[in-house]
J.: 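Before I ask anything, let me first share the structure, which is written out below as C-alpha coordinates.
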Amino acid sequence: MADAPPGAWRHLDVESPRGAYPIHVGPGLVRFGRALAEAVRGRHVLVVTDANVARLHLPVLQASLARHRPALAVGVHVMAPGEAEKTLDAWREVIDALARLGATRDATVVALGGGVVGDLAGFAAACWMRGIDVVQVPTTLLAMVDSSVGGKTAVDLPAGKNLVGAFHPPCAVVADTACLATLPERELRAGLAEVVKYGAVFDAAFLDWLEAHADALLARDPDALGDAVLRSCAYKAQVVARDPFERGERALLNFGHTFGHAIETEQGYAGAAGGLVHGEAVAVGMVRAARLSAALGRAPSADADRLEHLLARFGLPTAVPGGLDAGALLARMRLDKKADAAGLRFILWDGLGRGAIVRDVPEVAVLEVLRA
Ligand code: GLY
(Lines give C-alpha, C1' and ligand atoms only; values in the text may rest on other atoms or scores of the structure.)
Protein backbone atom coordinates (compact mmCIF):
# COMPACT_ATOMS: atom_id res chain seq x y z
CA MET A 1 0.00 0.00 0.00
CA ALA A 2 1.30 3.48 -0.88
CA ASP A 3 2.45 5.89 1.77
CA ALA A 4 0.53 9.06 2.62
CA PRO A 5 1.56 12.25 0.86
CA PRO A 6 4.84 13.54 2.31
CA GLY A 7 4.19 16.50 4.55
CA ALA A 8 0.83 15.22 5.77
CA TRP A 9 2.56 13.48 8.67
CA ARG A 10 4.75 15.25 11.16
CA HIS A 11 6.63 14.04 14.15
CA LEU A 12 8.54 15.27 17.15
CA ASP A 13 10.70 13.48 19.69
CA VAL A 14 10.18 13.49 23.44
CA GLU A 15 13.04 12.89 25.87
CA SER A 16 12.16 10.52 28.70
CA PRO A 17 13.92 8.50 31.41
CA ARG A 18 13.30 5.35 29.29
CA GLY A 19 14.82 6.99 26.20
CA ALA A 20 13.52 9.36 23.55
CA TYR A 21 10.29 8.41 21.80
CA PRO A 22 8.52 9.79 18.75
CA ILE A 23 5.08 11.38 18.56
CA HIS A 24 3.69 10.93 15.06
CA VAL A 25 0.81 13.21 14.07
CA GLY A 26 -1.19 13.05 10.86
CA PRO A 27 -4.19 11.60 9.03
CA GLY A 28 -4.19 7.90 8.16
CA LEU A 29 -1.31 6.78 10.37
CA VAL A 30 -3.21 3.74 11.67
CA ARG A 31 -4.29 2.65 8.20
CA PHE A 32 -0.80 2.97 6.74
CA GLY A 33 0.60 1.38 9.85
CA ARG A 34 4.34 1.71 9.39
CA ALA A 35 4.98 3.99 12.40
CA LEU A 36 2.96 1.62 14.55
CA ALA A 37 4.67 -1.53 13.28
CA GLU A 38 8.14 -0.02 13.69
CA ALA A 39 7.45 0.74 17.35
CA VAL A 40 6.81 -2.94 18.17
CA ARG A 41 9.95 -4.86 19.19
CA GLY A 42 9.01 -8.38 20.25
CA ARG A 43 6.70 -11.20 19.24
CA HIS A 44 3.58 -10.40 21.26
CA VAL A 45 1.17 -7.49 21.06
CA LEU A 46 -1.89 -6.95 23.23
CA VAL A 47 -4.21 -4.33 21.78
CA VAL A 48 -6.32 -2.74 24.53
CA THR A 49 -9.31 -0.73 23.40
CA ASP A 50 -12.93 -0.04 24.30
CA ALA A 51 -16.09 -1.25 22.61
CA ASN A 52 -16.80 2.08 20.84
CA VAL A 53 -13.29 2.52 19.49
CA ALA A 54 -13.06 -1.16 18.53
CA ARG A 55 -16.02 -0.79 16.16
CA LEU A 56 -14.44 2.19 14.41
CA HIS A 57 -10.71 1.54 14.34
CA LEU A 58 -9.72 -1.95 15.55
CA PRO A 59 -10.03 -3.83 12.22
CA VAL A 60 -7.87 -1.22 10.47
CA LEU A 61 -5.19 -1.41 13.15
CA GLN A 62 -5.20 -5.21 13.09
CA ALA A 63 -4.90 -5.23 9.30
CA SER A 64 -1.94 -2.84 9.48
CA LEU A 65 -0.12 -4.99 12.03
CA ALA A 66 -0.81 -8.13 9.99
CA ARG A 67 0.50 -6.48 6.81
CA HIS A 68 3.70 -5.05 8.27
CA ARG A 69 4.40 -7.70 10.92
CA PRO A 70 2.72 -10.98 9.86
CA ALA A 71 4.61 -13.09 12.43
CA LEU A 72 3.31 -11.21 15.48
CA ALA A 73 0.99 -12.91 17.97
CA VAL A 74 -1.72 -10.28 18.46
CA GLY A 75 -4.25 -10.47 21.29
CA VAL A 76 -7.13 -8.05 21.78
CA HIS A 77 -8.73 -6.90 25.01
CA VAL A 78 -11.93 -4.86 24.63
CA MET A 79 -13.16 -3.05 27.73
CA ALA A 80 -16.36 -1.15 28.40
CA PRO A 81 -16.08 2.57 27.62
CA GLY A 82 -16.08 5.38 30.18
CA GLU A 83 -14.10 6.86 33.07
CA ALA A 84 -16.09 4.70 35.50
CA GLU A 85 -14.23 1.69 33.98
CA LYS A 86 -10.76 2.95 34.92
CA THR A 87 -10.60 0.65 37.92
CA LEU A 88 -8.28 -1.87 39.53
CA ASP A 89 -10.70 -4.62 38.43
CA ALA A 90 -10.41 -3.52 34.80
CA TRP A 91 -6.61 -3.32 35.17
CA ARG A 92 -6.62 -6.92 36.43
CA GLU A 93 -8.49 -7.99 33.30
CA VAL A 94 -5.75 -6.51 31.10
CA ILE A 95 -3.12 -8.32 33.17
CA ASP A 96 -5.06 -11.58 32.72
CA ALA A 97 -5.17 -10.97 28.95
CA LEU A 98 -1.37 -10.53 28.91
CA ALA A 99 -1.01 -13.80 30.79
CA ARG A 100 -3.31 -15.63 28.35
CA LEU A 101 -1.27 -14.25 25.43
CA GLY A 102 1.91 -15.61 27.03
CA ALA A 103 3.41 -12.11 26.80
CA THR A 104 7.15 -12.05 27.38
CA ARG A 105 9.28 -9.12 28.53
CA ASP A 106 9.65 -7.86 24.99
CA ALA A 107 5.86 -7.77 24.47
CA THR A 108 4.08 -4.54 23.58
CA VAL A 109 0.75 -3.19 24.75
CA VAL A 110 -0.97 -1.06 22.12
CA ALA A 111 -3.43 1.36 23.75
CA LEU A 112 -6.02 2.21 21.11
CA GLY A 113 -8.50 4.75 22.44
CA GLY A 114 -8.98 7.78 24.62
CA GLY A 115 -7.52 8.77 27.96
CA VAL A 116 -9.18 5.97 29.93
CA VAL A 117 -7.80 3.24 27.69
CA GLY A 118 -4.37 4.91 27.56
CA ASP A 119 -4.11 5.31 31.33
CA LEU A 120 -5.35 1.79 32.10
CA ALA A 121 -3.38 -0.02 29.38
CA GLY A 122 -0.30 2.04 30.21
CA PHE A 123 -0.55 1.08 33.86
CA ALA A 124 -0.90 -2.60 32.95
CA ALA A 125 2.21 -2.28 30.74
CA ALA A 126 4.04 -0.56 33.61
CA CYS A 127 3.32 -3.53 35.89
CA TRP A 128 3.54 -6.60 33.64
CA MET A 129 6.93 -8.21 34.31
CA ARG A 130 7.95 -4.89 35.93
CA GLY A 131 7.39 -2.93 32.78
CA ILE A 132 6.95 -3.70 29.08
CA ASP A 133 6.59 -1.38 26.08
CA VAL A 134 3.40 0.52 25.43
CA VAL A 135 2.53 2.27 22.19
CA GLN A 136 -0.13 4.90 22.65
CA VAL A 137 -2.55 5.20 19.73
CA PRO A 138 -4.84 7.99 20.92
CA THR A 139 -8.17 8.30 19.13
CA THR A 140 -9.63 11.29 21.00
CA LEU A 141 -8.40 14.86 20.87
CA LEU A 142 -7.87 14.85 24.63
CA ALA A 143 -5.67 11.77 24.48
CA MET A 144 -3.71 13.11 21.49
CA VAL A 145 -2.86 16.40 23.15
CA ASP A 146 -2.41 15.29 26.73
CA SER A 147 -2.82 11.86 28.23
CA SER A 148 -0.93 9.80 25.63
CA VAL A 149 2.23 11.92 26.04
CA GLY A 150 4.47 12.01 29.09
CA GLY A 151 3.99 8.61 30.66
CA LYS A 152 1.38 9.18 33.34
CA THR A 153 -0.63 5.98 33.80
CA ALA A 154 -3.21 5.26 36.48
CA VAL A 155 -6.52 3.92 37.64
CA ASP A 156 -9.11 5.70 39.78
CA LEU A 157 -10.30 4.70 43.22
CA PRO A 158 -13.67 5.68 44.72
CA ALA A 159 -11.57 7.94 46.99
CA GLY A 160 -10.07 9.90 44.12
CA LYS A 161 -8.94 10.06 40.54
CA ASN A 162 -5.62 8.57 39.40
CA LEU A 163 -4.65 7.61 42.95
CA VAL A 164 -2.91 4.38 41.87
CA GLY A 165 -0.51 4.54 38.96
CA ALA A 166 3.01 4.84 37.64
CA PHE A 167 5.14 7.01 35.40
CA HIS A 168 5.66 4.77 32.37
CA PRO A 169 6.50 6.62 29.15
CA PRO A 170 5.37 5.05 25.88
CA CYS A 171 7.87 3.90 23.26
CA ALA A 172 5.87 5.78 20.62
CA VAL A 173 2.69 7.84 20.24
CA VAL A 174 0.80 7.46 16.98
CA ALA A 175 -1.83 10.20 16.77
CA ASP A 176 -3.94 9.53 13.68
CA THR A 177 -5.89 12.75 13.24
CA ALA A 178 -8.29 11.03 10.82
CA CYS A 179 -9.81 9.43 13.95
CA LEU A 180 -11.06 12.89 14.95
CA ALA A 181 -13.55 12.84 12.08
CA THR A 182 -15.70 10.28 13.89
CA LEU A 183 -15.21 11.63 17.41
CA PRO A 184 -18.50 12.51 19.13
CA GLU A 185 -18.99 16.29 19.30
CA ARG A 186 -18.85 16.32 23.08
CA GLU A 187 -15.48 14.53 23.08
CA LEU A 188 -14.06 16.98 20.54
CA ARG A 189 -15.07 19.95 22.71
CA ALA A 190 -13.71 18.25 25.85
CA GLY A 191 -10.35 17.79 24.11
CA LEU A 192 -10.28 21.46 23.18
CA ALA A 193 -10.26 22.27 26.91
CA GLU A 194 -6.84 20.62 27.24
CA VAL A 195 -5.64 22.45 24.13
CA VAL A 196 -6.70 25.77 25.68
CA LYS A 197 -4.81 24.77 28.82
CA TYR A 198 -1.45 25.00 27.01
CA GLY A 199 -2.15 28.56 25.94
CA ALA A 200 -3.40 29.45 29.41
CA VAL A 201 -0.26 28.35 31.23
CA PHE A 202 2.49 28.71 28.62
CA ASP A 203 1.70 31.00 25.72
CA ALA A 204 -0.80 33.84 25.34
CA ALA A 205 -0.04 33.88 21.58
CA PHE A 206 -1.44 30.34 21.34
CA LEU A 207 -4.68 31.63 22.90
CA ASP A 208 -4.77 34.28 20.15
CA TRP A 209 -4.32 31.49 17.60
CA LEU A 210 -7.12 29.46 19.18
CA GLU A 211 -9.48 32.43 19.14
CA ALA A 212 -8.66 33.01 15.46
CA HIS A 213 -9.15 29.32 14.58
CA ALA A 214 -12.07 28.47 16.88
CA ASP A 215 -14.56 28.08 14.02
CA ALA A 216 -12.15 25.96 11.98
CA LEU A 217 -11.45 23.71 14.96
CA LEU A 218 -15.14 23.23 15.70
CA ALA A 219 -15.73 22.46 12.01
CA ARG A 220 -12.95 19.82 12.29
CA ASP A 221 -10.80 21.44 9.65
CA PRO A 222 -8.00 18.84 9.32
CA ASP A 223 -5.21 21.42 9.07
CA ALA A 224 -6.39 23.37 12.10
CA LEU A 225 -6.80 20.19 14.15
CA GLY A 226 -3.42 18.84 13.04
CA ASP A 227 -1.74 22.13 14.01
CA ALA A 228 -3.52 22.22 17.38
CA VAL A 229 -2.42 18.65 18.15
CA LEU A 230 1.18 19.19 17.10
CA ARG A 231 1.53 22.50 18.96
CA SER A 232 -0.02 21.03 22.11
CA CYS A 233 2.28 18.02 21.95
CA ALA A 234 5.27 20.32 21.52
CA TYR A 235 4.39 22.27 24.69
CA LYS A 236 3.89 19.05 26.58
CA ALA A 237 7.04 17.40 25.20
CA GLN A 238 9.19 20.29 26.40
CA VAL A 239 7.81 20.21 29.91
CA VAL A 240 7.87 16.45 30.45
CA ALA A 241 11.43 16.26 29.11
CA ARG A 242 12.55 18.75 31.77
CA ASP A 243 10.41 17.35 34.58
CA PRO A 244 9.34 13.76 33.83
CA PHE A 245 8.25 12.93 37.40
CA GLU A 246 6.39 16.17 38.16
CA ARG A 247 8.76 17.45 40.79
CA GLY A 248 8.30 21.02 39.57
CA GLU A 249 7.04 22.73 36.46
CA ARG A 250 5.14 19.73 35.05
CA ALA A 251 2.54 20.49 37.70
CA LEU A 252 1.56 23.49 35.56
CA LEU A 253 -0.16 20.98 33.28
CA ASN A 254 -2.61 20.43 36.11
CA PHE A 255 -4.12 23.90 35.63
CA GLY A 256 -7.83 23.45 36.28
CA HIS A 257 -7.34 19.84 37.34
CA THR A 258 -7.54 20.19 41.12
CA PHE A 259 -11.00 21.72 40.78
CA GLY A 260 -11.83 19.42 37.88
CA HIS A 261 -10.85 16.18 39.61
CA ALA A 262 -12.88 17.16 42.67
CA ILE A 263 -15.95 17.64 40.47
CA GLU A 264 -15.41 14.36 38.65
CA THR A 265 -14.89 12.44 41.88
CA GLU A 266 -17.87 14.06 43.58
CA GLN A 267 -20.02 13.13 40.58
CA GLY A 268 -18.76 9.53 40.70
CA TYR A 269 -17.03 9.73 37.26
CA ALA A 270 -20.51 9.85 35.76
CA GLY A 271 -19.85 11.64 32.46
CA ALA A 272 -22.22 9.37 30.59
CA ALA A 273 -24.93 9.70 33.25
CA GLY A 274 -25.39 13.44 33.41
CA GLY A 275 -22.06 14.39 34.98
CA LEU A 276 -19.14 16.19 33.38
CA VAL A 277 -16.50 14.35 31.38
CA HIS A 278 -12.85 15.06 32.21
CA GLY A 279 -12.24 17.86 29.70
CA GLU A 280 -15.46 19.62 30.72
CA ALA A 281 -14.52 19.42 34.39
CA VAL A 282 -11.10 20.84 33.50
CA ALA A 283 -12.79 23.73 31.66
CA VAL A 284 -14.79 24.58 34.79
CA GLY A 285 -11.63 24.15 36.85
CA MET A 286 -9.53 26.46 34.68
CA VAL A 287 -12.07 29.26 34.98
CA ARG A 288 -12.24 28.71 38.75
CA ALA A 289 -8.41 28.82 38.91
CA ALA A 290 -8.38 32.04 36.89
CA ARG A 291 -11.04 33.57 39.16
CA LEU A 292 -9.09 32.46 42.24
CA SER A 293 -5.96 34.08 40.80
CA ALA A 294 -7.90 37.32 40.36
CA ALA A 295 -9.32 37.09 43.90
CA LEU A 296 -5.78 36.67 45.27
CA GLY A 297 -4.61 39.70 43.30
CA ARG A 298 -2.29 37.69 41.03
CA ALA A 299 -3.97 38.38 37.69
CA PRO A 300 -6.50 40.71 36.10
CA SER A 301 -10.08 39.47 36.09
CA ALA A 302 -10.25 40.56 32.43
CA ASP A 303 -7.90 37.63 31.68
CA ALA A 304 -10.30 35.24 33.43
CA ASP A 305 -13.14 36.74 31.37
CA ARG A 306 -11.21 36.11 28.15
CA LEU A 307 -10.48 32.50 29.11
CA GLU A 308 -14.11 31.93 30.05
CA HIS A 309 -15.25 33.40 26.75
CA LEU A 310 -12.95 31.17 24.70
CA LEU A 311 -14.04 28.03 26.57
CA ALA A 312 -17.71 28.99 26.20
CA ARG A 313 -17.12 29.47 22.47
CA PHE A 314 -15.94 25.87 22.37
CA GLY A 315 -19.25 24.91 24.00
CA LEU A 316 -17.62 24.03 27.31
CA PRO A 317 -19.11 24.55 30.78
CA THR A 318 -17.45 27.18 32.96
CA ALA A 319 -19.51 27.09 36.17
CA VAL A 320 -19.57 24.45 38.90
CA PRO A 321 -22.58 22.18 38.18
CA GLY A 322 -25.60 22.87 40.37
CA GLY A 323 -26.13 20.49 43.24
CA LEU A 324 -22.46 20.09 44.12
CA ASP A 325 -21.58 21.27 47.60
CA ALA A 326 -18.57 23.62 47.82
CA GLY A 327 -17.47 22.13 51.16
CA ALA A 328 -17.56 18.60 49.75
CA LEU A 329 -15.50 19.70 46.74
CA LEU A 330 -12.96 21.34 49.03
CA ALA A 331 -12.66 18.11 51.02
CA ARG A 332 -11.93 16.27 47.74
CA MET A 333 -9.22 18.79 46.91
CA ARG A 334 -7.50 18.17 50.23
CA LEU A 335 -7.13 14.49 49.26
CA ASP A 336 -6.12 15.33 45.69
CA LYS A 337 -3.12 17.15 47.09
CA LYS A 338 -2.69 15.13 50.26
CA ALA A 339 1.04 14.64 49.77
CA ASP A 340 1.63 18.36 50.10
CA ALA A 341 2.09 18.92 53.80
CA ALA A 342 2.20 22.70 53.40
CA GLY A 343 -1.56 22.90 52.77
CA LEU A 344 -3.62 23.44 49.63
CA ARG A 345 -1.50 23.84 46.53
CA PHE A 346 -3.06 25.13 43.35
CA ILE A 347 -1.98 25.73 39.80
CA LEU A 348 -3.05 29.30 39.20
CA TRP A 349 -1.84 31.92 36.76
CA ASP A 350 -0.33 35.38 36.74
CA GLY A 351 -2.38 36.20 33.66
CA LEU A 352 -2.73 34.80 30.14
CA GLY A 353 0.08 32.36 29.30
CA ARG A 354 1.72 32.55 32.72
CA GLY A 355 0.87 29.56 34.91
CA ALA A 356 2.04 29.56 38.52
CA ILE A 357 2.33 26.96 41.29
CA VAL A 358 0.89 28.53 44.44
CA ARG A 359 1.06 27.09 47.95
CA ASP A 360 -0.92 27.93 51.07
CA VAL A 361 -4.00 29.12 49.24
CA PRO A 362 -6.57 30.17 51.87
CA GLU A 363 -9.52 27.77 51.92
CA VAL A 364 -11.97 30.61 52.32
CA ALA A 365 -10.90 32.04 48.93
CA VAL A 366 -11.32 28.61 47.34
CA LEU A 367 -14.82 28.27 48.77
CA GLU A 368 -15.74 31.68 47.42
CA VAL A 369 -14.81 30.86 43.81
CA LEU A 370 -16.58 27.51 44.11
CA ARG A 371 -19.76 29.27 45.17
CA ALA A 372 -19.50 32.16 42.68
N1 GLY B 1 -1.93 15.63 32.30
C2 GLY B 1 -0.91 16.30 33.01
C3 GLY B 1 0.43 15.66 32.89
O4 GLY B 1 0.62 14.77 32.11
O5 GLY B 1 1.33 16.00 33.62
Side-chain angles (χ1 to χ4, degrees), residues 12 14-18 21 23 83 86 111 113-123 125-126 134 136 138 140-156 160-170 172-173 175 187 190-203 206 228-265 269 271 276-286 289 316 333 336-337 339-340 345-349 355-357:
L12 51 92
V14 189
E15 295 299 327
S16 94
R18 295 183 87 220
Y21 59 90
I23 304 175
E83 182 77 36
K86 211 175 89 175
V116 170
V117 166
D119 280 9
L120 181 79
F123 186 41
V134 58
Q136 294 282 353
T140 65
L141 181 59
L142 187 141
M144 288 182 194
V145 300
D146 183 29
S147 55
S148 67
V149 177
K152 278 189 180 176
T153 71
V155 296
D156 301 332
K161 204 172 142 78
N162 296 335
L163 285 182
V164 181
F167 286 100
H168 188 64
V173 179
E187 294 294 319
L192 286 168
E194 296 280 5
V195 175
V196 169
K197 178 187 79 180
Y198 293 107
V201 293
F202 294 128
D203 187 358
F206 188 44
V229 171
L230 199 77
R231 287 181 73 159
S232 300
C233 288
Y235 291 116
K236 182 146 190 185
Q238 283 171 23
V239 176
V240 300
R242 289 194 295 259
D243 181 17
F245 301 115
E246 199 172 303
R247 301 207 167 107
E249 64 178 312
R250 180 169 180 169
L252 293 173
L253 299 176
N254 295 333
F255 187 61
H257 284 60
T258 302
F259 287 105
H261 284 173
I263 292 170
E264 283 182 271
T265 308
Y269 313 114
L276 298 187
V277 295
H278 177 65
E280 293 168 340
V282 167
V284 174
M286 289 193 290
L316 288 159
M333 290 181 206
D336 195 61
K337 294 290 163 255
D340 211 51
R345 186 190 68 151
F346 277 87
I347 311 308
L348 302 181
W349 73 2
I357 302 168

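Residues: numbered from 1 along the sequence shown. Just so you know, ligand 1 is whichever comes first in the structure, and atom 1 is the first atom listed for that ligand.
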J.: Checking His257 against Glu264: is there a side-chain donor and acceptor pair closer than 3.5 Å?
T.: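 The criterion, which ignores hydrogens and geometry beyond distance, is not satisfied for His257 and Glu264.
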J.: Please identify each residue that fulfils side chain to side chain donor-acceptor pair (under 3.5 Å) with Asp203, with sequence neighbours left out.
T.: Tyr235
J.: Under 3.5 Å between any N/O of Asp146 and any N/O of ligand 1: does that happen in this structure?
T.: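 It does: an N or O of Asp146 is found under 3.5 Å from an N or O of ligand 1.
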J.: Among all protein heavy atoms, pick the one closest to atom 5 (O) of ligand 1 and tell me residue, atom and distance.
T.: Arg250 NE, 2.7 Å
J.: Please report the shortest heavy-atom distance between Ala228 and Val195, naming the atom on each side.
T.: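 Taking Ala228 first and Val195 second, the nearest heavy atoms are CB-CG1, 4.3 Å.
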J.: In terms of heavy-atom contacts, does CD of Glu249 have more than 12 from other residues, nucleotides or ligands at under 6.0 Å?
T.: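 More than 12 within 6.0 Å, yes.
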J.: Does only the side chain of His257 get under 4.0 Å from ligand 1, or the backbone, or both, or neither? Count heavy atoms.
T.: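 None of His257 does.
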J.: Under the ring-ring contact (aromatic ring centres under 6.0 Å, His included) test against Phe255, which residue among Tyr198, Phe202, Trp349, Phe346 passes?
T.: Trp349
J.: Which of the atoms in ligand 1, numbered in the order shown and given with their element, are less than 4.0 Å from a heavy-atom of Asn254?
T.: 2 (C)
J.: Return yes when Lys236 approaches ligand 1 closer than 4.0 angstrom through a heavy atom, no otherwise.
T.: yes
